[in-house]
Amino acid sequence: MSAPEQQQSPVLEAEPPPGVIIREGEYGTKVAAVEPGGAEFIPLNERHGKPLQLFWTWTSPNFEFATVFVGVIGIAFFGLNFWQALLAIVIGTGLGSVTQGLLGAEGPSHGVPQMVISRLGFGYWGNALPAGLNAITAGIGWFAVNSVSGTFALNTLTHLPKWLCLVIIVAAQIVIAFFGHNLVHAFERYAFPVLAVIFLIATVWIFTKSSPGAPSHGGGIGGFLLTLGAAFGYAVGWNPYASDYTRYFKPDTSKLAIAWWSGLGIFVSCVLLEAAGAASATVTGIGAINNNPTGAFTGHLPTALADLTLLAIALGAVAANVLNIYSGALSFTALGIRLPLALRRAIMALVFGVIGFIVALTGLHDAGTKYENFLLVIAYWIAPWLAVMFCDQFLHRGQDPRKLEGLLFDKSYTNWAGPVSMLVGVVVSIWLFSNQTEYVGIVPKHVPAVGDLTFEAGFLITAVIYLAWHAIAGSQRHAALAKA
């Protein structure tokens, strides 16, 4: 959760060079206003915000049941005991928190969303691969997952029909995401104390009723690696959004502070709630978890605390999904499809909300297994994407961000090492190591004890191919920068 201090690399001190597309309109610090534009550069006179706000921006969206369920599946599905599950949770979450901080620290220098910065490693059009995947997993996949957990909570609390609970949850999420950046940050800030107090009390109560010393159910190293992968998948799922919420900071904002508060927010909230989920699974039967996972978590709480926790789960689902819709819409605009509309990001937020609602309706059945698979699939593609991002930063560290900024909007700029190495990393790692209900790879099929090593293998395979590619063929970026 650290990053180099800002003075170690140059920063933009004036408006970007010609060719950079600047976000139109005036927005400033207004909360009750619709953010204009899409994935363009944020002009320097619009920059505002402090790194501390990232703590609640990345804490509030994890105070929800999808986080809790990561700990639940380590016990209930993967057969670990509490302490084994906790270790896997800490390692997996720690890895995802560190990468979150490192990525978010680059936002102020570039002034664009994460999936636009991604063009440096993938090229302008090659970046359609990760940007498209993120638009789908964020704006539709994560949106559906969190909407389902919020729906179960509201249904258990109010006994209203599930479809109506889903409509209520989705409507709140879409409205906030439609307004954009400033309202998103404000909502996370004011939701934070409410969610923190309720979940802290519920967690303490659950631990008093749990049995941390209960034996494992044969999970072994395979179960440990599956749980680690799920915890990593949850934390790293926020990585493709990292600079979306730091790009409004001034360019000279401390990178160390950004990395620290971003990573700490994710680490503290995820470990706390996932540990609570693991503890609750030591006293809850698998049948109850499958039928209504949210109700199973709150079922052994006192009535008043259970009701407050259900309300917090519903609120937390909204806190998570306003980020998912907002960043999903940004990722879509980062594909390079220029929509001639001032409110293009806001309109895409509405579109993703509607699609996510339809997907969420199908997720109200057998939610536990679907969520387990989804967490692993997230890590399958994000780990190779991270390999490209960090390898590219290593190869081209210290370069002038003013010149790099021009490449982000240059449609002729290519870096095919990125999409090719990522594709190979994803395909080969899944083929060999995937271990979930939909597909079991060659290695776990013959040696089930290895669990799931897909994200680790995907990262290594992609990194080796990307670095070897540039070592042999050189980088087009050097030629592009020479012309600048």
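Just so you know, these numbers use all the heavy atoms, side chains as well, and skip hydrogens, waters and symmetry mates.
- Remark: the Tyr248 side chain and the Glu35 side chain contain an N/O donor-acceptor pair separated by less than 3.5 Å.
- For Ser327 (side chain) and Asn324 (main-chain N/O), no donor-acceptor pair under 3.5 Å exists by modelled atom type.
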Asn62 and Trp238: CA distance, side-chain angles, deciding distance, side chain to side chain donor-acceptor pair (under 3.5 Å) verdict: CA-CA 10 Å; Asn62 293 315; Trp238 298 116; 2.9 Å; yes

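- A distance of 10.5 Å separates CZ of Arg119 from CG of Asp410, quoted to the nearest 0.5 Å.
- Phe459 is not listed as a side-chain neighbour of Pro384, based on a closest heavy-atom distance of 4.5 Å or more.
- The minimum heavy-atom distance between Leu305 and Ala202, with the atom names listed, is CD2-CA, 4.1 Å.
- A 4.5 Å side-chain heavy-atom check between Phe187 and Leu315 finds at least one atom pair inside the cut-off.
- A donor atom on one side chain and an acceptor atom on the other are found under 3.5 Å apart for His185 and Thr57.
- Panel note: side chain His48, backbone Glu46; a donor-acceptor pair is recorded below 3.5 Å.
- The aromatic rings of Tyr241 and Trp58 sit tilted, their planes meeting at an angle between 30° and 60°.
- In this structure, Glu456 CD and Phe433 CZ are separated by 9.0 Å, a value rounded to the nearest 0.5 Å.
- To the nearest 0.5 Å, atoms OG (Ser269) and CD (Glu274) are separated by 8.5 Å.
- In this structure the side chain of Ser210 never reaches within 4.5 angstrom of the side chain of Phe82, judged on heavy atoms.
- For Ser434 and Tyr380, the side-chain atoms include at least one donor-acceptor pair closer than 3.5 Å.
- Within the model, atoms CG of Leu228 and CG of Leu80 stand 10.5 Å from one another, a figure rounded to the nearest 0.5 Å.
- Aromatic ring orientation, Phe69 versus Phe65: tilted (interplanar angle from 30° to 60°).
- You'll find the ring centres of Tyr124 and Phe409 outside the 6.0 Å limit.
- Scored by the side-chain hydrogen bond (donor to acceptor under 3.5 Å, both in side chains) test, Ser118 finds Asn127, Trp385 as partners (sequence neighbours excluded).
- Panel note: side chain Ser60, backbone Glu188; a donor-acceptor pair is recorded below 3.5 Å.
- A donor-acceptor pair under 3.5 Å is absent between the side-chain atoms of Arg23 and the main chain of Gly37, judged by distance alone.
- When all heavy atoms are compared, the tightest approach of Gly237 to Ile382 is CA-CD1, 3.8 Å.
- Looking only at atom types and distance, the side chain of Ser262 has no donor-acceptor partner in the side chain of Tyr245 under 3.5 Å away.
- The two residues Asp452 and Asn435 make their nearest non-hydrogen contact at OD2-N, 2.9 Å.
- In this structure, the side chain of Thr203 engages the main chain of Phe199 through a donor-acceptor pair within 3.5 Å.
- Counting heavy atoms from C-beta outward, Leu264 and Ser97 have side chains that stay 4.5 Å or more apart.
- For the pair Leu120 and Leu408, the minimum side-chain heavy-atom distance is below 4.5 Å.
- Between the CG atom in Leu54 and the CD atom in Gln100 there is a gap of 9.0 Å [rounded to 0.5 Å].
- Summarising the geometry of Phe455 relative to Gly229, their closest heavy-atom pair is CE2-CA, 3.7 Å, with the distance given to 0.1 Å.
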Applying ring-ring contact (aromatic ring centres under 6.0 Å, His included), run through Phe55 and Phe192 and close with a yes or a no. CA-CA 9 Å; Phe55 180 71; Phe192 170 70; 5.7 Å; yes

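- Remark: the Thr67 side chain and the Tyr234 side chain contain an N/O donor-acceptor pair separated by less than 3.5 Å.
- Annotation: cation-pi pair Arg247/Phe41 absent, no NZ/CZ under 6.0 Å from the ring centroid and within 45° of its normal.
- Counting only heavy atoms from C-beta outward, the side chains of Ile465 and Thr462 never approach each other to under 4.5 Å.
- With hydrogens and angles left out, the side-chain atoms of Asp244 and Gln114 include no donor and acceptor closer than 3.5 Å.
- Nearest heavy-atom pair across Asn415 and Asp392 is ND2-OD1, 3.7 Å.
- Among all heavy-atom pairs drawn from Asn182 and Gly28, the shortest one is ND2-O, 2.9 Å.
- Using a 4.5 Å cut-off on side-chain heavy atoms (C-beta onward), Trp261 and Lys50 make no contact.
- Between atom CG of residue Leu395 and atom CG of residue Leu467 there is a gap of 5.5 Å, rounded to the nearest 0.5 Å.
- Using a 4.5 Å cut-off on side-chain heavy atoms (C-beta onward), Glu26 and Pro36 make no contact.
- For Phe207, the CZ atom is densely surrounded, since the number of other residues' heavy atoms within 6.0 Å is greater than 12.
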